[in-house]
Amino acid sequence: MNVFRLSGDVSHLLAILILLMKIWKTRSCAGISGKSQILFALVYTTRYLDLFTSFISPYNTAMKVFFIASSYATIYLIYLKFKATYDRNHDTFRMEFLVLPVLVLAFVVNHDFTPLEILWTFSIYLESVAILPQLFMVSKTGQAETITSHYLFALGMYRALYIVNWVYRYYFEGFYDLIAIIAGVVQTVLYCDFFYLYVTKVLKGKQLTLPA
Amino acid sequence: NKRMQKHDEL
């Protein structure tokens with residue numbers, strides 16, 4: 001474990017807590033893409049199947065359980081509890097356009113052709129594009145609530161910090177995993193446009209609006 | 001490439 005990975009995990013945890021707080025406090029999931037949350041639940045479910053087979057540390061297990069539980073709780077809040085506030089008309093990204101190519105790629109490019117490893121690879125590839133429905137929804141509505149932009153910033157920073165962690169591990173531990181690194185870079189690049197708007201607008205107290 | 005030990009990352 002290193003400070004970059006730890007701060008990445010904390011940022012990830014913070015993002016999830018901000019999202020849950022936003023939905024629970026405002027009793028509304030306006031502006032939140034349910035499709036991205038479904039994709040995240042799929043990412044954690046397929047990646048953390050080793051929860052029962054390999055024990056790394058109490059921290060690792062606790063975080064995995066939290067990520068899985070919170071992703072399903074968010075889906076429950078969006079599609080059941082506060083479904084009247086779910087903005088279905090603006091959450092129209094076709095998830096199959098993400099899941100199918102990622103599934104094929106996981107079968108073609110992986111480290112080991114075993115079920116657990118292919119599911120892990122699928123999860124890594126899917127996570128890199130899982131935010132697209134949410135970013136698409138923000139661009140379609142042309143704006144995002146400030147709390148939602150904080151959620152996206154924390155979520156984007158988590159994998160950006162993981163990239164620093166991979167550089168650190170390469171130089172100090174000699175380990176690297178190209179699948180995780182390339183997917184992580186793609187994932188972070190997808191946020192760049194949003195990061196620019198967040199820094200130039202939200203941090204100056206303005207509303208996050210996109211040029212419609 | 002040297003693989004990360006059994007995916008010890010989240």
Side-chain angles (χ1 to χ4, degrees), chain A residues 1-2 4-13 16 43-44 46-51 53-57 59-68 110-112 114 116-117 119-121 123-124 127 158-159 161-163 165-166 168-170 173-184, chain B:
Chain A
M1 177 57 83
N2 59 66
F4 306 110
R5 182 146 61 103
L6 188 60
S7 44
D9 291 340
V10 168
S11 184
H12 192 183
L13 193 68
I16 291 172
V43 164
Y44 302 133
T46 52
R47 186 176 307 178
Y48 299 151
L49 292 171
D50 62 355
L51 197 59
T53 57
S54 75
F55 177 78
I56 307 256
S57 70
Y59 167 81
N60 188 273
T61 302
M63 292 292 265
K64 285 177 176 177
V65 168
F66 176 76
F67 288 155
I68 291 175
N110 54 60
H111 291 308
D112 207 13
T114 59
L116 217 52
E117 187 67 22
L119 282 171
W120 178 84
T121 308
S123 160
I124 291 287
E127 187 189 7
Y158 130 69
R159 216 64 181 170
L161 288 161
Y162 256 70
I163 294 173
N165 150 66
W166 290 322
Y168 177 91
R169 292 194 78 172
Y170 176 71
E173 299 170 29
F175 282 130
Y176 63 99
D177 180 340
L178 278 185
I179 285 181
I181 292 171
I182 294 170
Chain B
N1 63 327
K2 287 172 86 177
R3 296 265 303 100
M4 228 163 259
Q5 300 299 353
K6 57 182 169 149
H7 305 321
D8 63 348
E9 297 185 340
L10 289 173

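Residue numbering restarts at 1 for every chain, and letters A, B, ... go by the order of the sequence lines.
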Contacting region of A/Tyr170 [heavy-atom separation from chain B under 4.5 Å]: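 For A/Tyr170, there is no contact with chain B at all, as no heavy atom is under 4.5 Å.
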Tell me, side chain or backbone of A/Asn60 under 4.5 Å from chain B's heavy atoms, or both, or neither?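 The answer is both parts of A/Asn60.
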Assess whether side-chain contact (heavy atoms from CB on, under 4.5 Å) is satisfied between A/Asn165 and B/Glu9, documenting all intermediate values. CA-CA 10 Å; A/Asn165 150 66; B/Glu9 297 185 340; 2.9 Å; yes
With A/Thr46 via side-chain hydrogen bond (donor to acceptor under 3.5 Å, both in side chains) - residues at least two apart: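 side-chain hydrogen bond (donor to acceptor under 3.5 Å, both in side chains) check on A/Thr46 returns nothing, list empty.
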Between A/Phe67, A/Tyr44, A/Tyr158, which is the residue that forms a side chain to side chain contact (heavy atoms under 4.5 Å, CB included) with B/Leu10?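 The residue from A/Phe67, A/Tyr44, A/Tyr158 that satisfies side chain to side chain contact (heavy atoms under 4.5 Å, CB included) with B/Leu10 turns out to be A/Phe67.
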Just to verify, what does A/Asp112 make a side-chain contact (heavy atoms from CB on, under 4.5 Å) with, not counting sequence neighbours?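 If we apply the side-chain contact (heavy atoms from CB on, under 4.5 Å) test to A/Asp112, skipping adjacent residues, the hits are A/Thr114, A/Glu117.
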Passes side-chain contact (heavy atoms from CB on, under 4.5 Å), B/Asp8 versus A/Arg5? Steps please. CA-CA 11 Å; B/Asp8 63 348; A/Arg5 182 146 61 103; 4.2 Å; yes
